[in-house]
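Following: one structure in structure tokens, then a few remarks.
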Amino acid sequence: MNLDWGDFPTWLGSSGALVAACLAGIISLQLRSRERKQAISSIHIDLTTGETAQARNVIGTVLYATDGLDLVGQREAISALFKLYWAVQRAQNTYRVYRLDAAAPGKMQGQEEFFLSWNFRELVENIVTFHRDYGERLHIKDEDAWNSFEERLRAGYPDLFNEFLASSAEG
């Protein structure tokens with residue numbers, strides 16, 4: 001094949017378009033990775049600070065302190081339970097968008113996701129334990145929130161569902 005100088009601009013234009021497409025792809029992957037890291041950071045902050053941290057402290061006090069319910073009061077305990085339900089919903093939505101697996105730290109990449117999964121798992125365990133031990137006793141009307149929570153676990157986190165809820169859902 002004999003190339004003349006007339007083919008050079010065509011070849012150069014095609015090569016430039018190919019290089020531009022490759023650069024755009026690399027930049028897109030880097031931006032997606034950065035967004036994912038920001039999402040992980042956002043979930044971690046949401047699960048460990050502010051309103052959620054206060055709610056976790058209240059539920060933890062009720063579950064683990066002698067006379068914990070007397071220390072925090074029924075109204076505050078119920079309010080904390082619903083704040084934890086909402087924190088799980090927010091986290092689950094972000095997990096779904098970024099295809100993260102909150103229940104399986106072995107499948108995750110990076111130390112940040114491991115600690116994030118531990119916090120999510122602990123939050124789920126506290127909700128399940130509080131609901132089981134105090135739900136009926138305190139006459140908590142949380143059927144819609146509980147059913148949504150249970151369905152989210154069943155659909156999105158079967159490992160957590162099996163660990164915490166499968167035996168109670170069967171009976």
Side-chain angles (χ1 to χ4, degrees), residues 32-171:
R32 181 71 174 162
S33 174
R34 186 171 142 208
E35 287 175 3
R36 187 173 200 245
K37 288 176 183 175
Q38 288 175 332
I40 292 167
S41 178
S42 175
I43 295 171
H44 188 261
I45 289 169
D46 188 45
L47 295 180
T48 60
T49 64
E51 175 179 89
T52 304
Q54 291 171 342
R56 287 175 72 175
N57 185 48
V58 168
I59 296 295
T61 299
V62 172
L63 294 177
Y64 304 115
T66 305
D67 298 327
L69 190 57
D70 293 334
L71 292 172
V72 300
Q74 181 175 340
R75 182 176 294 171
E76 190 174 354
I78 294 170
S79 175
L81 174 66
F82 281 93
K83 289 175 185 174
L84 295 186
Y85 280 138
W86 300 327
V88 166
Q89 287 177 349
R90 288 189 304 270
Q92 194 269 340
N93 289 336
T94 305
Y95 283 133
R96 185 178 40 78
V97 167
Y98 289 95
R99 294 185 177 101
L100 303 170
D101 188 348
K107 298 177 187 174
M108 295 180 146
Q109 301 171 1
Q111 192 70 6
E112 297 85 5
E113 290 184 57
F114 174 76
F115 286 112
L116 184 61
S117 67
W118 178 87
N119 280 291
F120 187 79
R121 185 187 182 291
E122 183 72 15
L123 195 71
V124 167
E125 184 176 13
N126 285 338
I127 290 171
V128 170
T129 304
F130 185 86
H131 184 269
R132 180 193 66 220
D133 294 351
Y134 293 93
E136 286 184 34
R137 180 174 155 190
L138 299 178
H139 307 288
I140 299 173
K141 304 289 186 210
D142 68 341
E143 292 81 16
D144 290 340
W146 176 258
N147 291 336
S148 174
F149 171 77
E150 189 174 28
E151 186 54 39
R152 283 173 183 270
L153 286 184
R154 184 188 321 263
Y157 312 103
D159 293 343
L160 287 177
F161 179 81
N162 289 333
E163 183 176 353
F164 296 120
L165 293 173
S167 61
S168 65
E170 293 169 359

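Computed from heavy atoms alone, side chains included, the values below leave out hydrogens, waters and symmetry copies. All residue numbers in this chain count up from 1 along the given sequence.
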With sequence neighbours excluded, residues passing salt bridge (charged side-chain N to carboxylate O under 4.0 Å, His left out) with Glu122 | none
When rounded to the nearest 0.5 Å, the distance separating CG of Leu69 from CZ of Arg137 is 6.0 Å
Nearest heavy-atom approach of Ile140 to Phe130 is CD1-CE2, 3.7 Å
Side-chain contact test, heavy atoms from C-beta onward, threshold under 4.5 Å: evaluate it for Tyr157 versus Val88 and give yes or no.
-> no
Quick one: list whatever passes side chain to side chain donor-acceptor pair (under 3.5 Å) with Glu76, sequence neighbours left out.
-> none
More than 12 non-hydrogen atoms from neighbouring residues, nucleotides or ligands closer than 6.0 Å to CD on Glu143, yes or no?
-> yes
Tell me, do Tyr134 and Ile59 make a side-chain contact under 4.5 Å, heavy atoms counted?
-> no
Nearest non-hydrogen partners of Ala77 and Val62, listed with the distance = CB-CG2, 4.1 Å
Flag side-chain contact, heavy atom, 4.5 Å: Glu163 against Val124 | no
Under 3.5 Å, side chain of Glu51 to main-chain N/O of Lys83, donor-acceptor pair present?
-> no
Intermediate values then yes/no, side-chain contact (heavy atoms from CB on, under 4.5 Å), Asn93 and Arg152 = CA-CA 10 Å; Asn93 289 336; Arg152 283 173 183 270; 3.7 Å; yes
Hey, what do you get for CG (Leu123) to CZ (Arg121), rounding to the nearest 0.5 Å?
-> 12.0 Å
How would you list, by chain and number, every residue that makes a side chain to side chain donor-acceptor pair (under 3.5 Å) with Arg132, sequence neighbours excluded?
-> none
For Ala53, does its backbone N or O pair with a side-chain atom of Asn57 as donor and acceptor, under 3.5 Å?
-> no
Roughly how far apart are Arg154 CZ and Leu165 CG, rounded to 0.5 Å?
-> 8.5 Å
Gap separating the NE2 atom of His44 from the CZ atom of Phe120, nearest 0.5 angstrom | 13.5 Å
Name all residues meeting the salt bridge (charged side-chain N to carboxylate O under 4.0 Å, His left out) criterion together with Asp142; count only those two or more places apart in sequence or in a different chain, and write none if there are none.
-> none
Applying side chain to side chain donor-acceptor pair (under 3.5 Å), name anything that partners Thr61, two or more places apart in sequence or on another chain.
-> none
Using a cut-off of 6.0 Å, state whether more than 12 heavy atoms not belonging to Asp144 lie near its atom CG.
-> no
When rounded to the nearest 0.5 angstrom, what is the spacing between OG1 in Thr48 and CG in Asn119?
-> 6.0 Å
Partner residues of Phe149 under the ring-ring contact (aromatic ring centres under 6.0 Å, His included) criterion, sequence neighbours left out = Tyr85, Trp146
Short question: side chain of Asp46, backbone of Ser42 - any donor-acceptor pair under 3.5 Å?
-> no
Check for a donor-acceptor pair, side chain of Arg56 on one end and backbone N or O of Leu84 on the other, with a separation under 3.5 Å.
-> no
